[in-house]
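Below: the structure, in structure tokens.
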Amino acid sequence: MLQTVSLACRRGDRRLFSNLSVTVRPGAVLVVVGENGSGKTSFLRMLCRLLAPEEGTILWEGTDIHHLKEQYSAQLTYIGHLNGVKDDLTAVENLKFNASLNGDRASDAAVQDALELVGLKQRVHHLPTKVLSQGQKRRVALARLWLSSRPLWLLDEPFTSLDQAATVLVTERLRFHAERGGLAVVVTHQEVVLPSGMAQRLRLDG
Amino acid sequence: MKINWSKYSAPLAFYPLAGKMIPWFGTVAALTIAVGLYIGLLVAPTDFQQGEAYRIIFVHVPAAWMSMFLYVVMAGWAAVGLGLNARLSFMMTQAIAPTGAMFTFLALVTGAMWGKPTWGAWWVWDARLTSELILLFQYAGVMLLRTSIDDQRRADRASGVCALVGVVNIPIIYFSVQWWNTLHQGASVSMTAAPKMATIMLTGMLLMTFGFWMYSLAVILSRVRCVILERESLQLWSKPSSVAEAVEVR
Amino acid sequence: MNQPGLWEALRGIVWRDLLLAMRRRSDVAISVLFLVIVASLFPLGVGPEPAVLRTIAAGVLWVAALLACLLSLGRVFTADYLDGVLEQMLLIPQPLPVLVTGKVFAHWVVSGLPIVLLSPLLGLQFGLEGEALGTLILSLLLGTPTLSMIGSIGAALVLGVRGSGLLVALLVLPLYVPVLIFGAGAVTSSMAGVGGEANLSLLGACLVLSLFFAPWATAAALRIALE
């Protein structure tokens, strides 16, 4: 269970949000919406410990993530608005390095399956990602979701530059994750089509 | 009288307190520097080796001491700021740097002025002077890093780390430059080679150091007030009563 | 240090950076070429007298090595910062200072080691021979990792800052002073027949000290840069 207790965020002189308390239980997807500059990304970066909250605490299973440190990092998969994909490595290499750095084992077969599932054809698996299109690069980043067995997913605008088909694939993957008892926080300005019991909405007004 | 210190750790509460302290420190500084200069320039005896030129050490040595002392204090505030995430500490770091750099510069210039008549050259690669020069570069680095980063919070923290790394470096640099100096025996003129210091000279020098210290406090506090005004302007405008309060006490 | 996966993560970081450097060989070549050109310019400026060249050799080669290291600092974190790999690195469930050490090691292999390997050639250009040449190689072998470790602090501090290339020079060069002194000192004293051992052991001390402190400072700087 992921909880925020009276969280506040200040960027520069602007107070983006304050007194923000939400709870995400297993099996739920928190969809964070709001205008540009309302602090959605900052909120997500706080949840993955990249940004220290101005005030308030974030609890994972009842413990402050500030104390859990790396133990907490081991619970989450974060895909930021930057892809985190190396241009000079192939899609397969990127995913394999990512998995091994995070202590998950991923065989070539598993990686290729994940790439297939996110809709990338066999022939692009071994190309350096710099020759891929924006949407394809995004898919390479999102393929990590098919390799991740972490309970908490934190996604920043996952659907940017994806086409309709890929959007559906990723949404389905999210639904599957939640059905297995996973948690997810998704920052997006697009509509996410999830069963009503599953999706929780949070609107940040800035 | 009991003072609630935590109250003053908030920048806006510190603002009027600093304002009250500045005139005191300023007055003490003016008086001690005046007495120190009087002793140094008129009372202290003429050095039979160096003549009158040696009198510049009454400015040079205290300035060099202050430049190092202020760097350590600045790094200390940076450590407090990074450890406790206190905004006022970072403001102090920001306010100390220019004064420290000024004293470093003063030490370098007076060192050169002393060097010309004593050693026959404006600049010698003496261990202390060289360390002082590198200290000036470090001050410049801390200040430039701060001004190059737009985000206030990041600027504070990055320049804080920079100051802390520098403070580890100062003794290493001093040692290495001294080592280097003995290696190249050319210019191993040491400032301690001066004859044993008379009590009156020591008094003058200590008075000057104390005066410089008080001056630094006065200047740093006024600068920190400017920094507070600059940074907390938004909060000040949103609470008109506090701005009135802050300005009134001045 | 025996946390599960730490070794694997460390190896992954080093291996990935080496692989990337292999695919971008020209980047590596540039800083090596820079070193050679800078070192070759000095005789043109100073004049070709072998005696003069020998006396300035230690200083010139060390300063050139210093500048070449400085030039390559931009490559340690900048690309990773821009494509988001760096923020993923911060989320790896392992102690960040250890990961940083891996990254700096990879950077040293790509940009410091070539300098060490090239140094005998440059030393010959300046008329260094025998023991002095050996001392030069050894001093660079001990000194360049220190330069990479210290440099990584500066590189992390200026990430994404405007004018970062010049700023990093200003931040890092004062910190390089002790390494320069001990490194060039080792060569000079071995040429004078005193033996460079004292200077070399001081270089070693610098290396140990930087291995101990720099990763923490760099990790802190990276967290600050990515906030």
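Every chain is numbered from 1, with letters handed out A, B, ... down the list of sequences. Remember, predicted model here, so these are calculated numbers, not experimental data.
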- Query: Of all residues at least two apart in sequence or in a different chain, which pass the side-chain hydrogen bond (donor to acceptor under 3.5 Å, both in side chains) check with B/Thr110?
  - Reply: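 Applying side-chain hydrogen bond (donor to acceptor under 3.5 Å, both in side chains) to B/Thr110 gives B/His60.
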- Item | side-chain hydrogen bond (donor to acceptor under 3.5 Å, both in side chains) partners for B/Asp150, two or more places apart |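 B/Asp150 satisfies side-chain hydrogen bond (donor to acceptor under 3.5 Å, both in side chains) with C/Arg162 once adjacent residues are dropped.
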- Message: Quick test of your reading of the model: are C/Glu227 and B/Arg153 salt-bridged, counting only N-O distances below 4.0 Å?
- Response: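 Answer for the salt bridge query: yes.
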- Item | Contacting region of C/Val194 [heavy-atom separation from chain B under 4.5 Å] |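 No part of it gets close to chain B.
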- Task: Could you tell me which portion of C/Leu202 (side chain, backbone, both or neither) has an atom closer than 4.5 angstrom to a non-hydrogen atom of chain B?
- Result: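 For C/Leu202, side-chain heavy atoms alone lie under 4.5 Å from chain B.
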- Heavy-atom contact with chain C under 4.5 Å, split by part of B/Ser131: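 The answer is neither part of B/Ser131.
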- Message: Quick check: under 4.5 Å, non-hydrogen atoms only, which of residues 62-79 of chain B neighbour chain C?
- Response: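 The stretch does not come within 4.5 Å of chain C.
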Just distance, no hydrogens or angles: give the donor-acceptor pairs under 3.5 Å from side chains in residues 205-220 of chain C, sequence neighbours left out.
from	atom 1	to	atom 2	distance (Å)
C/Ser210	OG	C/Cys206	O	3.3
C/Ser210	OG	C/Leu207	O	2.9
C/Thr218	OG1	C/Ser152	OG	3.0
C/Thr218	OG1	C/Ala214	O	2.8

- Item | Note, C/Leu171 side chain near B/Gln138 side chain (heavy atom, < 4.5 Å) |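 C/Leu171 does not reach B/Gln138 side chain to side chain.
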- Task: Using a cut-off of under 4.5 Å on heavy-atom pairs, state which of C/Ala225, C/Ala221, C/Gly163 scores highest against chain B.
- Result: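 Among C/Ala225, C/Ala221, C/Gly163, the one with the most close pairs to chain B is C/Ala225.
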- Identify which of C/Leu175, C/Leu180, C/Ile153 forms the greatest number of heavy-atom pairs closer than 4.5 Å to chain B.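 When all of C/Leu175, C/Leu180, C/Ile153 are compared, C/Leu175 has the most.
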- Message: Could you measure the distance from the CG atom of C/Leu157 to the CZ atom of B/Arg157? Nearest 0.5 Å is fine.
- Response: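 C/Leu157 atom CG to B/Arg157 atom CZ measures 12.0 Å (nearest 0.5 Å).
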